[in-house]
Amino acid sequence: MKQTCVLSPARQLTEEEQSLVWQKPPSHIESEAEKRIYQEVVRNWNRGEMKISTVLLEGDAGSGKTQLAKALSADFNLPYTKVTCFADMDKSDVLGSILPVLSEKDKSDTIEYHYYPSEIVRAYENGWLLEIQEPTVIRDAAVLMALNSALEPDGSLNLPTRIAHRHPDFIAVITTNRGYNGYRPLNEALRDRVQHAEKLDLPPKAVMMERAKAKTGYQSENVLSLLAETIMLLDETARANAIKGVAGMRSYIFWVDAVQSGASVYNTLYHKVLYKITTDPQELAILEQALVSHGLTDKLEELDIICHSHPDGENSEVMELHISGNGEYSAETDKADKNAIRLRKSADSEGHSDTSSDKNSDVSSNDNGENGTPVYHELDKPVSNEQKREFRKQLNKEARQSVQGSCHEDIKLIVHRPEAAAQDREEYNRMIATLMPVIRELIRKTNPLLEHEVSAEFAKSQLYGTKFCADQAASLDFRVFARKRPPEEEPSLAVALRIDESASMSAFGRLDAAKQAAVALYEFCTGCGIPIMVYGDTADRSKLEQMSVYAYVDSESKDADEKYALMNIQARSNNRDGMALRIISDRLFKAPQRTKVIISISDGQPKAMPDYTGEKAARDMKDTLQEYRRKGIQFLAAAIGQDKEAIRELYGAENTLDITDLKQLPARLVQVIARFL
């Protein structure tokens with residue numbers, strides 16, 4: 001690839017602009033994405049409407065988005081600058097501000113107003129390469145509209161003092177993370193203005209090793225390979241279990257650098273990688289278990305084994321690592337090996353999680369009655385049988401409307417509202433007694449965050465405040481400031497839990513785990529003021545009831561005792577997953593909350609009579625998920641059976657929780673939902 005292409009040969013950069021052009025360090029390795037973007041920009045630069053001047057780079061933290069944006073600055077000899085977006089960003093952050101200053105003409109206290117352009121305006125007018133970081137976090141639609149206008153090929157910005165026109169050399173590079181949870185999609189209008197997009201993932205192992213060599217100078221192929229495999233496994237495990245942290249290239253390179261300096265390979269794994277992903281004991285236990293199950297823990301510890309006593313004059317704090325031609329690691333030192341790698345012992349402390357994955361923190365509860373069972377305060381009045389019947393009719397009517405026009409239109413459907421008996425109450429109270437300590441602790445940690453939720457709204461025309469309003473500068477009443485309104489909204493999140501009640505759920509304790517998860521999630525959400533629905537479903541109970549939906553808990557119900565009906569969850573017959581998700585998604589879509597999440601607990605693939613199975617069922621599932629994702633609903637799947645790979649294929653690896661230990665299921669689901677707040 002050609003090193004530099006000056007897009008406008010006649011242009012002369014000023015000394016300041018030349019200093020802003022990024023210089024590639026010797027360790028920089030051109031990626032395939034960089035080569036692609038370079039070739040596309042050069043090929044289309046002088047083709048009028050086909051010109052590529054807005055690029056989207058989307059990927060996880062540490063995937064090299066900013067490095068690539070800087071590299072393009074060097075490739076095109078353009079000054080590089082960036083703007084990092086934030087939630088409360090307003091139009092003045094895009095267009096610049098008019099601010100009051102003391103007059104420089106005389107020594108009086110006369111106040112003048114001067115216009116100060118934003119970094120976006122400077123890059124826009126002067127023809128620089130601008131990196132726009134994380135525009136997905138912006139809440140104000142007016143700010144996004146201003147950005148949309150700026151990214152038009154022949155666009156302009158209506159500034160407070162003039163109209164700024166887009167410089168012919170201006171290139172915008174939008175970089176955004178692809179989060180595991182709570183991810184807000186990029187505005188459609190902004191995405192539509194992008195002429196080239198790249199999806200940046202963790203690079204292949206060979207590329208990771210080459211970059212680490214270039215950055216650190218470390219040359220051991222086998223050690224670099226082992227460390228890269230570890231990073232890749234941790235990244236995959238974090239995705240599969242909805243752990244928000246990222247194991248990426250930054251972690252890998254700094255880990256390699258620490259190993260090169262003689263630090264302990266296994267101990268620095270925690271300080272350079274694991275603790276950057278998470279410090280939660282249960283999540284660390286999940287990551288550690290993944291390393292153990294793939295045999296990587298033993299290999300990493302083997303690197304730290306000190307060899308037999310060294311000859312006089314050698315440092316006893318140094319170990320030799322003998323690696324055979326097939327890549328196996330050995331501590332045998334009977335024979336001298338000129339190719340052995342020598343590593344220095346580290347004084348680092350033991351860095352590991354001593355919390356087992358099947359243990360929960362024990363927090364005492366003070367809300368218990370005389371017999372030890374939790375006390376619940378029900379303020380709602382009892383619901384009459386007539387009200388229950390009307391609500392059930394409403395659910396049935398809406399469910400049939402949801403499947404109209406789909407492949408399930410002719411399936412005979414009934415929505416049930418199970419009633420709770422006295423024994424259900426007793427079973428529920430026994431179950432919640434063991435779950436409540438963990439749930440109460442999570443509620444205790446979560447509620448303070450909700451109480452101090454930052455408001456996105458501003459009260460304008462104030463005499464004082466945190467933000468100067470340029471559009472009020474000419475006002476004679478001096479009300480030229482804005483301040484945030486006190487937070488008063490409730491958590492903008494609604495949750496639905498769907499439980500597969502197929503016959504196979506009765507095996508291996510899956511049903512008990514699903515029932516406990518439903519109870520734990522219900523108690524957590526109600527404790528935090530989050531609307532929640534819990535639905536179960538099965539298929540082929542009879543020819544007259546081909547699809548059965550069980551609305552155990554519904555956020556619109558006024559029945560305070562409905563939670564006890566969760567004890568009626570049971571294994572029944574087949575499963576028609578696509579139809580169930582369509583009904584639940586339509587129900588959840590009507591909720592006013594901004595973020596809507598559906599969690600599906602399932603142990604197998606869709607299968608129902610007469611032919612809802614295989615490719616047909618998979619295609620229906622994928623189409624249903626895609627349709628409602630476009631409407632803003634997010635899906636997570638808790639895979640607890642033998643068909644985990646098939647479930648992951650349907651929902652996507654990043655949206656699938658691989659629950660190997662069923663004891664973890666209740667706490668894991670509660671933790672996942674807590675991250676959406």
- [ ] Mark yes or no: Lys631 above the aromatic ring of Phe589, with NZ or CZ under 6.0 Å from the six-membered ring centre and no more than 45 degrees from the axis.
- [x] yes
TODO: Answer yes or no for Arg587 and Tyr535: cation-pi contact, defined as NZ/CZ to six-membered ring centre under 6.0 Å and angle to ring axis within 45°.
DONE: no
Quick one: does [X]'s side chain get under 4.5 Å of [Y]'s, heavy atoms only?
X      : Y      : result
Glu556 : Gln394 : yes
Lys596 : Tyr628 : no
Pro606 : Leu650 : yes
Asp537 : Met547 : yes

Over all heavy atoms of both residues, which pair between [X] and [Y] is shortest? Give the atoms and the distance, please.
X      : Y      : answer
Lys412 : Leu544 : CB-O, 3.6 Å
Ile647 : Ser602 : CD1-O, 3.7 Å
Ala551 : Val415 : CB-CG1, 4.3 Å
Ala290 : Leu233 : O-CD2, 3.5 Å
Gly578 : Asp620 : CA-OD2, 3.4 Å
Tyr552 : Ala565 : CD2-O, 3.3 Å

Under the 3.5 angstrom rule, does the side chain of [X] hit a backbone N or O of [Y] as a donor-acceptor pair?
X      : Y      : result
Glu134 : Cys85  : no
Ser573 : Arg541 : no
Ser251 : Ala247 : no
Lys515 : Met567 : yes
Glu58  : Lys199 : no
Asn568 : Glu419 : yes
Asn396 : Arg392 : yes
Asp235 : Met232 : no

To the nearest 0.5 Å, how far apart are [atom1] in [X] and [atom2] in [Y]?
X      : Y      : atom1 : atom2 : result
Thr297 : Leu291 : OG1   : CG    : 4.5 Å
Asp603 : Ile499 : CG    : CD1   : 12.0 Å
Leu566 : Glu523 : CG    : CD    : 9.5 Å
Asn655 : Ile599 : CG    : CD1   : 11.5 Å
Asp500 : Asn574 : CG    : CG    : 10.0 Å
Gln605 : Glu649 : CD    : CD    : 10.0 Å

- [ ] Just say parallel, tilted or perpendicular for the rings of Tyr428 and Tyr564, cut-offs at 30° and 60°.
- [x] perpendicular
TODO: Starting from the C-alpha separation in whole Å, work towards a yes-or-no answer on side chain to side chain contact (heavy atoms under 4.5 Å, CB included) for Met579 and Leu413.
DONE: CA-CA 10 Å; Met579 187 174 182; Leu413 161 70; 3.9 Å; yes
Task: salt bridge (charged side-chain N to carboxylate O under 4.0 Å, His left out) partner of Glu398, chosen from Arg582, Lys590, Lys393 - done: Lys590
- [ ] Check the pair Ile411, Val403 against side chain to side chain contact (heavy atoms under 4.5 Å, CB included), reporting the backbone distance first and the verdict last.
- [x] CA-CA 9 Å; Ile411 299 297; Val403 298; over 6 Å; no
TODO: Go through the side-chain N and O atoms of Ser542 and Glu545 and say whether any donor and acceptor fall under 3.5 Å apart.
DONE: no
Task: Glu562: salt bridge (Lys or Arg N to Asp or Glu O under 4.0 Å) partners, not counting sequence neighbours - done: Arg417
Open item on the list: Checking Asp611 now: which residues fulfil salt bridge (Lys or Arg N to Asp or Glu O under 4.0 Å) with it, not counting sequence neighbours?
Closed with: Lys616
Task: Arg498 bridged to Asp577 by N-O distance under 4.0 Å - done: yes
- [ ] Could you tell me whether Glu427 and Arg430 have a side-chain N and a carboxylate O separated by less than 4.0 Å?
- [x] no
